Amino acid sequence: MIATSNQIAISALADALSVSMRRDLASHYFLVIGEVMKYGDEGLKLLIERGWMEQPPQPIDRNKFYKK
C-alpha cells in the first residue's frame, strides 16, 4: 500500500510538472518528488528490516567474486 501510494504520488507530480507552464513551480515539483522518493526509500528499508519484505536483488561485487 505504501509503495503503491508513493508510485502514484511520483507519477502524479511528474504529470503535473509536464503540463505546468510556470517555471517557479517546476523547482518545487522537483523538490517534492525528491522528498517522496526519500520517504519511499526509508519505508522500504523499514519493511526489509522488520522482515515484511525481501531485499531486492543487489549487483554482484565483482572484485569479491573474482577473488574466489
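Given the structure is predicted, the values throughout are model-derived calculations rather than measurements. The analysis underlying the following values was restricted to heavy atoms, covering all of them including side chains, and did not include hydrogens, waters or symmetry mates.
- When side chains are defined from C-beta on, Lys45 counts as touching Asp41, because their heavy atoms get closer than 4.5 Å.
- We find the OG-CG distance between Ser18 and Leu13 to be 11.0 Å, quoted to the nearest 0.5 Å.
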Can I get a per-line list of side-chain donor-acceptor pairs under 3.5 Å for residues 24-38, giving both atom names and the distance, sequence neighbours left out?
from, atom 1, to, atom 2, distance (Å)
Asp24, OD1, Arg22, NE, 3.2
Asp24, OD2, Arg22, NH2, 2.7
Ser27, OG, Asp24, O, 3.0

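- With rounding to the nearest 0.5 angstrom, the CD1 atom of Ile60 is 8.5 Å from the OH atom of Tyr66.
- Across every non-hydrogen atom of Ile48 and Glu54, the tightest pair is CG1-O, 4.0 Å.
- Side-chain atoms of Ser11 come within 3.5 Å of backbone atoms of Gln7 as a donor-acceptor pair (strictly under, hydrogens ignored).
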